[in-house]
J.: 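Handing you a structure now.
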Protein chains: 2
Amino acid sequence: MSDMTSTADAPRSPGRPRSIRADEAIIEATLDLLAEGSTIEALSIEAIAARAGVGKATIYRRWAGKDALLLDALRRLKGVMAKPAGHSVRDDLVLLVGAIGKNVDPRAAKIMPCLVPVVNRSADQFQLYQNIISPRRKLMREVLRRGIDEGVLRADIDVEVTMALLTGPMLIQRVLQWNPDLDEQTLPERVVDAVLEGIRAR
Amino acid sequence: MSDMTSTADAPRSPGRPRSIRADEAIIEATLDLLAEGSTIEALSIEAIAARAGVGKATIYRRWAGKDALLLDALRRLKGVMAKPAGHSVRDDLVLLVGAIGKNVDPRAAKIMPCLVPVVNRSADQFQLYQNIISPRRKLMREVLRRGIDEGVLRADIDVEVTMALLTGPMLIQRVLQWNPDLDEQTLPERVVDAVLEGIRAR
DNA sequence: GCAATACGATACGGGTCAGACTCGTAACGC
DNA sequence: GCGTTACGAGTCTGACCCGTATCGTATTGC
């Protein structure tokens with residue numbers, strides 16, 4: 001949590017300690033409400049408190065406002081970053097593409113679309129978004145460069161465009177459900193293979 | 001407009017006719033406010049009325065509520081659908097890919113991200129979204145099939161995946177500004193060429 | 001036991017908004 | 001001119017919410 005007393009150096013303040021269960025309940029209530037379809041700005045502290053079985057003061061004691069709470073809640077969603085094995089370039093790409101928009105928490109699928117409008121609303125939030133995706137982008141870039149070095153991929157490809165090529169289809173499918181008929185399970189494989197082989201007859 | 005008296009068959013109702021300028025001003029005010037960063041649900045009828053220089057009643061006389069008004073306002077944004085020339089498959093694809101997320105109205109760029117969360121909120125709205133994109137998807141599908149028939153494209157490609165491949169990169173760039181360093185102008189060309197040729201060394 | 005701090009619950013003033021309503025006025029057909 | 005309808009502006013009631021404060025109670029260290 002952002003403004004909670006840090007765990008280690010605290011000389012143990014007197015009085016009743018803050019309830020960890022309340023922390024958990026508040027975060028969970030926030031995510032639940034979002035996953036149930038509430039939009040970010042329709043989300044009210046009062047609703048969160050009621051859902052968590054908690055007084056409003058308990059929330060304000062921990063977070064400065066809705067934004068700070070949301071930031072912590074959303075952090076909870078982020079899945080572990082995929083780690084490519086490093087053997088086959090194709091398999092590594094399939095792994096990375098499959099990890100796009102994939103989160104541990106099933107609620108994330110409902111919540112992600114709500115974040116899209118937020119991303120470009122301010123420079124701060126855009127930076128926050130870039131901070132999340134840039135390590136994943138770096139991972140993919142390294143795999144592609146490795147492929148070039150190994151001679152598996154052509155040397156003259158535009159790496160950045162290729163990354164967009166691999167990421168875009170997966171993202172619009174997971175976030176937007178762009179084509180309801182596409183099978184999400186096999187999509188990573190099919191995308192990677194299509195990008196590898198190209199579609200021109202030869 | 002959805003509930004305005006239809007133009008043709010109306011036997012001319014008595015009294016003062018509704019102001020066309022008011023219609024226009026209301027729609028424009030709605031789009032302006034959205035483009036200035038207001039989110040859809042933060043948008044209030046009162047704000048729209050004030051911005052349009054119009055009484056609230058004038059809005060309620062025309063639309064049942066915010067949703068109906070928004071539906072009409074957003075209809076205004078939709079650009080003309082691109083029309084492929086039919087000569088070169090590559091050029092047609094570049095044209096179609098370039099048209100993705102491209103609208104006549106410059107305000108659309110700011111508004112589109114706000115629509116992402118709405119799309120999957122109800123079956124109705126999802127259908128509405130599909131109705132908009134499916135004719136464009138059909139167009140691209142026809143170009144790809146033509147390419148296969150002409151022998152320009154391989155016969156064994158998955159057409160639906162290929163469409164996602166062409167659409168995804170453009171969409172995440174236009175809507176999400178996924179990679180700020182990518183040049184949006186030349187992106188359609190580069191995407192189409194990359195998809196055509198593939199990235200595997202040979 | 002006592003001070004300190006937390007808890008859930010509730011009340012408060014201040015704010016925004018939806019929708020329905022009321023003004024006096026303006027534009028139309030007859 | 002008269003009936004009809006629309007106009008902009010404004011009012012009013014009832015929601016809902018924020019952020020703070022105040023209850024009585026619970027949990028900690030000393």
Side-chain angles (χ1 to χ4, degrees), chain A residues 1-7 9-30 33-34 36-73, chain B residues 1-30 32-34 36-73:
Chain A
M1 314 301 137
S2 41
D3 60 353
M4 295 187 62
T5 52
S6 48
T7 49
D9 54 352
R12 187 68 183 93
S13 60
R16 175 177 174 175
R18 289 194 183 163
S19 158
I20 301 175
R21 285 189 46 222
D23 280 308
E24 199 66 28
I26 292 165
I27 297 274
E28 287 300 304
T30 305
L33 287 172
L34 280 178
E36 283 168 16
S38 170
T39 42
I40 286 185
E41 66 245 9
L43 199 63
S44 69
I45 300 282
E46 284 190 341
I48 296 172
R51 172 63 158 262
V54 145
K56 281 200 291 177
T58 303
I59 296 181
Y60 283 110
R61 207 171 286 124
R62 289 164 161 78
W63 290 278
K66 199 166 70 176
D67 288 355
L69 168 55
L70 270 173
L71 206 64
D72 277 353
Chain B
M1 314 300 139
S2 40
D3 59 352
M4 292 188 64
T5 54
S6 47
T7 50
D9 54 353
R12 189 67 184 90
S13 60
R16 175 176 173 176
R18 289 193 181 163
S19 157
I20 301 176
R21 287 190 45 222
D23 280 308
E24 200 65 27
I26 293 166
I27 298 274
E28 286 301 304
T30 306
D32 280 345
L33 288 171
L34 280 178
E36 281 167 18
S38 168
T39 43
I40 286 186
E41 65 245 8
L43 199 63
S44 69
I45 299 284
E46 283 189 342
I48 296 172
R51 173 62 158 263
V54 144
K56 282 200 289 178
T58 302
I59 297 181
Y60 283 112
R61 206 172 286 127
R62 288 164 161 77
W63 291 278
K66 200 166 68 177
D67 288 355
L69 168 56
L70 273 173
L71 206 63
D72 278 352

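For the numbers below, each heavy atom of this structure counts, side chains included, while hydrogens, waters and symmetry mates do not. Residue numbers start from 1 in every chain, and the chains themselves are labelled A, B, ... in the order their sequence lines are given, proteins ahead of strands.
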J.: In this structure, how many angstroms lie between the C1' atom of C/dC7 and the CG atom of A/Asp23, rounded?
T.: 13 Å
J.: Which atom pairs link the protein and nucleotides 2-5 of chain D when you take only N or O atoms and keep those under 3.5 Å?
T.:
| unit_1 | atom_1 | unit_2 | atom_2 | d |
| --- | --- | --- | --- | --- |
| D/dT5 | O2 | B/Arg16 | N | 3.1 |

J.: Strictly below 4.0 Å, N to O, side chains only: are B/Arg18 and B/Asp23 in salt-bridge contact?
T.: no
J.: So does B/Thr58 get a side-chain nitrogen or oxygen closer than 4.0 Å to the phosphate oxygens (OP1/OP2) of D/dG8?
T.: yes
J.: Could you state the CD-P distance from B/Glu41 to D/dC16, rounded to the nearest angstrom?
T.: 17 Å
J.: Can you measure B/Trp63 atom CH2 to D/dA6 atom C1' for me and round it to whole angstrom units?
T.: 14 Å
J.: Output one letter per nucleotide in nucleotides 10-19 of chain C: B when a protein non-hydrogen atom lies under 4.0 Å from the base, S when only the sugar-phosphate is that close, - when neither is.
T.: -B-----SBB
J.: To the nearest Å, give me how far apart CD1 (B/Ile20) and C1' (D/dC7) are.
T.: 15 Å
J.: So which heavy atom on B/Thr30 is nearest to which on B/Ala73, and how close?
T.: CG2-CB, 4.0 Å
J.: Which heavy-atom pair separates B/Glu41 from A/Glu41 by the least distance, and what is that distance?
T.: OE2-OE2, 2.9 Å
J.: Given atom CZ of B/Arg21 and atom P of C/dA26, what is their separation to the nearest angstrom?
T.: 15 Å
J.: Could you tell me the separation between the CD1 atom of B/Ile59 and the P atom of D/dG10, rounded to a whole number of Å?
T.: 15 Å
J.: Compare every heavy atom of B/Ile48 with every heavy atom of B/Ala29, then report the nearest pair and how far apart it is.
T.: CB-O, 3.8 Å
J.: For residues B/Arg62 and B/Ile26, report the shortest heavy-atom separation together with the two atoms involved.
T.: CD-CD1, 4.2 Å
J.: Could you go through the side-chain contact (heavy atoms from CB on, under 4.5 Å) check for B/Trp63 and B/Leu70 one step at a time?
T.: CA-CA 10 Å; B/Trp63 291 278; B/Leu70 273 173; over 6 Å; no
J.: With a 4.0 Å cut-off, would you call A/Glu46 and A/Arg51 a salt bridge?
T.: no
J.: Just verifying a value: how many Å separate B/Ser38 OG and B/Asp32 CG, rounded to the nearest 0.5 Å?
T.: 11.5 Å
